Amino acid sequence: KIYCQSLLSFLFLVHLFTMGQGEPVIIGQKFVIQSDSLNQERAFQISLPRYYNGGKENYPVLYLLDATENFRHTSAGVNFLALNRRIPEMIVVGISNDEDRIKDLTPPTETEMTNFPSAGGADQFLNFVEKELIPHIGQNYRTNDYKILVGQLLILRSEIFFTYLTSNTFTLMGCKW
């Protein structure tokens, strides 16, 4: 009985001392870019494919809105699906909309401006994504021409915006209303 208690105590102590010795699980990195379109710094997060650093392949890019809430599970889902060969490996770029997402994601319409006083910044936000962030990612990472935009898109209330966005910038869009 004393032997059993001593063994259990020893195992418990070993467990306590080794608990903090695990390796960190790193999903991605966070960066900040100065935006002339938005007249502010904007944070983004990036998750690279599993074998990105050891290869020379160019990858599609998934641009994700509301990164603070959605980056971790979206990156994990993309990695899981790619590992199981359901989708190609891809780079995930999460764009933060923390400061004023209503402003970022709504067109400058009278209705929007009435309902949400800060609304109407979608054109500047699109300009940031299209003219600043996408080129930045393309210059610093091995990307191909396939781009996907995913997020809760308040901006899709504008058909002109939707048509422009899908035909000129992104290959595919996924939205959650």
Side-chain angles (χ1 to χ4, degrees), residues 27-49 52 57-79 81-82 87-177:
I27 294 173
Q29 292 180 288
K30 185 176 183 178
F31 298 94
V32 174
I33 185 173
Q34 177 61 44
S35 170
D36 294 331
S37 301
L38 301 172
N39 199 27
Q40 65 178 187
E41 289 186 336
R42 183 56 65 107
F44 69 93
Q45 298 170 44
I46 190 159
S47 176
L48 299 174
Y52 180 89
E57 184 178 348
N58 291 343
Y59 293 93
V61 182
L62 184 148
Y63 291 90
L64 174 70
L65 302 179
D66 297 317
T68 303
E69 293 84 16
N70 299 317
F71 183 75
R72 286 187 180 122
H73 67 263
T74 301
S75 297
V78 165
N79 289 330
L81 291 170
I87 62 172
E89 288 188 302
M90 63 184 71
I91 296 169
V92 177
V93 176
I95 308 166
S96 295
N97 298 100
D98 296 339
E99 199 165 302
D100 191 347
R101 74 183 299 273
I102 296 294
K103 179 181 179 183
D104 287 346
L105 304 179
T106 54
T109 63
E110 193 174 315
T111 305
E112 296 298 338
M113 302 295 274
T114 303
N115 294 333
F116 306 102
S118 69
D123 291 340
Q124 290 87 359
F125 181 72
L126 172 61
N127 199 49
F128 159 69
V129 172
E130 187 176 35
K131 305 260 191 288
E132 297 173 353
L133 184 61
I134 290 174
H136 176 81
I137 298 300
Q139 290 168 3
N140 291 287
Y141 298 93
R142 295 188 320 270
T143 65
N144 62 29
D145 291 334
Y146 198 88
K147 298 173 201 65
I148 304 166
L149 179 65
V150 176
Q152 187 174 13
L153 304 173
L154 304 172
I155 50 183
L156 289 182
R157 294 180 186 166
S158 165
E159 286 183 31
I160 295 168
F161 184 84
F162 176 75
T163 303
Y164 177 79
L165 187 66
T166 55
S167 64
N168 294 319
T169 306
F170 293 96
T171 313
L172 177 67
M173 293 182 64
C175 66
K176 177 178 136 187
W177 293 90

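What's counted below: heavy atoms across the whole structure, side chains too, no hydrogens, waters or symmetry copies. Just so it is clear, the structure is predicted and the values come from calculations on it, not from any experiment.
In this structure, F71 CZ and L65 CG are separated by 13.5 Å, a value rounded to the nearest 0.5 Å. In this structure, K131 NZ and S37 OG are separated by 8.5 Å, a value rounded to the nearest 0.5 Å. Residue I91 holds its CD1 atom at 11.0 Å from CG of L62, rounded to the nearest 0.5 Å. Taken to the nearest 0.5 Å, the CG atom of L48 stands 7.0 Å off from the CD atom of Q29. The OG1 atom of T74 sits 12.0 Å away from the CZ atom of R72 when rounded to the nearest 0.5 Å. For the atom pair NE2 (H73) and CG (L64), the distance works out to 7.0 Å, reported to the nearest 0.5 Å.
Put simply, the side chain of I87 does not reach to within 4.5 Å of the side chain of P60, judged on heavy atoms.
Looking at residues two or more places apart in sequence or on another chain, you find no side-chain hydrogen bond (donor to acceptor under 3.5 Å, both in side chains) involving N39. F31 pairs by the ring pair (Phe, Tyr, Trp, His ring centres under 6.0 Å) definition with F44, not counting sequence neighbours.
A side-chain donor-acceptor contact under 3.5 Å links Y52 to the backbone of R142. Using a distance-only test at 3.5 Å, with no hydrogens or angles considered, no donor-acceptor pair links the side chain of T143 to the main chain of G138. Side chain of Q45 to main chain of G28: no donor-acceptor pair is present (N/O by atom type, distance under 3.5 Å, no hydrogens or angles). For the pair N127 (side chain) and D123 (backbone), a donor-acceptor distance under 3.5 Å is absent.
When V129, N97, L133 are each tested for a side-chain contact (heavy atoms from CB on, under 4.5 Å) with R42, only one passes: N97.
Nearest heavy atom pair, residue A67 against residue G94, reads CB-C, 3.3 Å.
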